[in-house]
Amino acid sequence: MNIVSSKRELSEIINDLKVEGKSIGFVPTMGALHEGHLSLMKRSNSDNDVTVVSVFVNPTQFNNPNDYSKYPRIIEEDIAKLKSVKCDILFTPTKEEMYPEEDNREFDFGNLERVMEGKHRPGHFRGVALIVSKLFEAVNPHKAYFGEKDFQQLAIINRLNEKENYGIEIVPCPIIREKDGLAMSSRNMLLSKEQRENVSLISKTLSKSLEQSKNKTVQELKDWVISEINVNKYLDVEYFDVVDIKTLESACDWMNKNNLIGCIAVHVGSIRLIDNIRFYS
Ligand code: AMP
């Protein structure tokens with residue numbers, strides 16, 4: 001595995017590989033890798049000749065400085081995991097490398113950035129768009145892999161890719177879960193033992209909501225999900241919404257049920273977890 005920290009060196013290596021006719025797959029991450037991340041890399045490995053992974057904790061997407069400072073950084077363990085799945089190039093830039101000067105660009109993602117994560121984490125998607133655009137320009141891959149756990153982020157990246165005409169194929173990958181259903185997340189390792197024992201209620205309630213949706217209105221279902229989870233003293237729902245998979249607009253009824261997704265954010269002490277579930281009729 002080639003470990004690179006300069007954008008220029010990275011672009012040169014990738015350009016050479018492209019001249020040789022190699023296809024390039026890219027998996028951007030913030031590290032503290034788990035099976036969810038590794039599933040994206042395995043998918044990239046099966047689709048492409050070369051897999052490039054970036055590990056960079058992007059400061060501009062954290063609206064909460066405390067969340068940024070305590071975000072897990074365990075690069076040696078990450079490197080061991082990357083070697084176990086075959087990663088050809090690991091890009092680990094510094095903050096100065098990615099942000100040599102202030103980047104004042106603004107993006108307009110319309111409704112996609114005004115709801116759910118966008119509403120509760122002001123500036124978050126601008127930070128995501130800043131870093132993903134810089135990474136896309138440095139790597140310029142044929143395909144890039146993103147997890148459906150961050151469903152709204154995936155919608156934003158698709159829009160960014162269209163707007164900036166990158167011409168990259170964005171490949172959505174399914175949510176990988178722990179045995180008890182908890183969606184894997186780098187933040188899970190920050191949970192205390194008691195918190196960890198209680199957080200599976202989030203995914204369990206989302207699973208049950210599929211059955212509940214058959215005899216409840218959308219509003220009744222939203223109220224039901226929130227109250228089921230908030231009963232637990234460790235959990236505090238920030239939002240749960242049922243939205244259209246393309247526009248992310250809130251649904252009023254179950255017409256078009258196959259295009260609806262329920263998205264949730266839950267505070268567990270100072271840790272914030274997200275998850276989602278697709279509905280079907
Ligand atoms: P992060 O390091 O949290 O920025 O995540 C990097 C990529 O991994 C993003 O595309 C995430 O959506 C994806 N990802 C994170 N957790 C999971 C998971 N449990 N299952 C599938 N993909 C995931």
Side-chain angles (χ1 to χ4, degrees), residues 25-47 51-64 67-68 70-75 77-79 81-82 85 87 90-93 98 112 116-117 121 124-136 139 141 143-161 168-191 196 199-200 202-203 206-207 245 261 263-266 271-278:
F26 177 45
V27 183
T29 82
M30 298 205 298
L33 302 177
H34 50 66
E35 286 297 327
H37 297 114
L38 301 189
S39 72
L40 273 52
M41 295 161 201
K42 288 177 192 162
R43 177 73 198 275
S44 171
N45 279 333
S46 74
D47 291 354
T51 293
V52 181
V53 173
S54 63
V55 171
F56 178 65
V57 184
N58 173 37
T60 61
Q61 73 187 67
F62 286 82
N63 52 314
N64 175 346
D67 187 23
Y68 175 62
K70 66 173 203 266
Y71 199 86
R73 291 162 173 88
I74 44 173
I75 191 69
E77 288 173 43
D78 289 346
I79 290 174
K81 287 185 184 156
L82 288 169
V85 289
C87 156
L90 167 60
F91 181 49
T92 53
M98 295 317 287
L112 297 185
M116 301 190 295
E117 293 299 284
R121 300 184 68 189
H124 170 64
F125 286 122
R126 176 177 175 269
V128 168
L130 284 177
I131 192 63
V132 171
S133 64
K134 287 166 184 282
L135 290 168
F136 276 3
V139 180
K143 297 186 184 190
Y145 296 80
F146 290 88
E148 288 176 335
K149 184 177 84 85
D150 300 275
F151 191 82
Q152 191 171 6
Q153 169 173 280
L154 189 53
I156 295 272
I157 304 287
N158 274 314
R159 183 67 60 84
L160 176 75
N161 189 41
I168 297 168
E169 184 184 332
I170 306 296
V171 183
C173 300
I175 303 178
I176 304 297
R177 297 179 178 280
E178 300 287 355
K179 281 204 182 71
D180 64 357
L182 174 67
M184 289 192 182
S185 163
S186 304
R187 289 185 173 90
N188 292 351
M189 67 173 66
L190 303 172
L191 297 167
R196 176 64 191 85
V199 286
S200 64
I202 303 168
S203 56
L206 292 185
S207 288
I245 52 169
I261 186 167
C263 297
I264 194 163
V266 181
I271 301 150
R272 187 176 177 281
L273 302 178
I274 59 171
D275 199 350
N276 62 68
I277 189 143
R278 277 292 293 272

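Note that the coordinates shown come from a computational prediction; the quantities given were computed from them, not determined experimentally. Position 1 is the first residue of the sequence; numbering continues from there. Whatever order the structure lists ligands and atoms in, that order sets their numbers, starting from 1.
- Within a 6.0 Å radius of CZ in Arg159, other residues, nucleotides and ligands contribute 12 heavy atoms or fewer.
- Counting only distance, with no hydrogens or angles, the side chain of Asn45 and the backbone of Val85 share a donor-acceptor pair below 3.5 Å.
- The line from CE of Met116 to CD1 of Ile261 is 7.5 Å long, rounded to the nearest 0.5 Å.
- Between His37 and ligand 1, at least one N/O pair is under 3.5 Å apart.
- Of all atoms in ligand 1, numbered sequentially from 1 with element shown, those under 4.0 Å from a heavy atom of Thr29 are 2 (O), 6 (C).
- Summarising the contacts of atom 6 (C) of ligand 1 with Ala32, Pro28, Gly36, Gly147, the nearest heavy atom is found in Pro28.
- To the nearest 0.5 Å, atom CG of residue Leu182 and atom CG of residue Asn188 are 4.5 Å apart.
- A donor-acceptor contact closer than 3.5 angstrom is absent between the side chains of Asp275 and Ser203.
- Annotation: the span from Ile274 atom CD1 to Glu117 atom CD amounts to 4.5 Å, rounded to 0.5 Å.
- Salt bridge annotation for Lys81-Glu35: absent, with no cationic side-chain nitrogen under 4.0 angstrom from a carboxylate oxygen.
- For atom 3 (O) of ligand 1, the closest heavy atom belonging to the protein is Tyr71 OH, 3.8 Å.
- When non-hydrogen atoms are compared, ligand 1 lies under 4.0 Å from the side chain of Leu40 (C-beta onward) but not from its backbone.
- When all heavy atoms are compared, the tightest approach of Thr51 to Met41 is OG1-O, 4.3 Å.
- Distance check, rounded to the nearest 0.5 Å: CD of Glu169 to CZ of Phe26 gives 15.5 Å.
- Those atoms of ligand 1 that come under 4.0 Å of a heavy atom in Phe146, given as number and element, are 10 (O).
- Only backbone heavy atoms of Pro174 (N, CA, C or O) come within less than 4.0 Å of ligand 1; its side chain stays farther off.
- Among all non-hydrogen protein atoms, the one lying nearest atom 11 (C) of ligand 1 is Asp150 OD2, 3.1 Å.
- Nearest protein heavy-atom contact of atom 20 (N) of ligand 1 is Ile176 N, 2.9 Å.
- Only the side chain of His34 comes within contact range of ligand 1, with a heavy atom under 4.0 Å; no backbone atom does.
- Distances below 4.0 Å separate heavy atoms of Met184 from the following atoms of ligand 1: 16 (N), 17 (C), 18 (C), 19 (N).
- For ligand 1 and Ile175, the ligand atoms under 4.0 Å from any heavy atom of the residue are 20 (N), 21 (C).
- At a 4.0 Å heavy-atom cut-off, ligand 1 touches Met30 through backbone and side chain alike.
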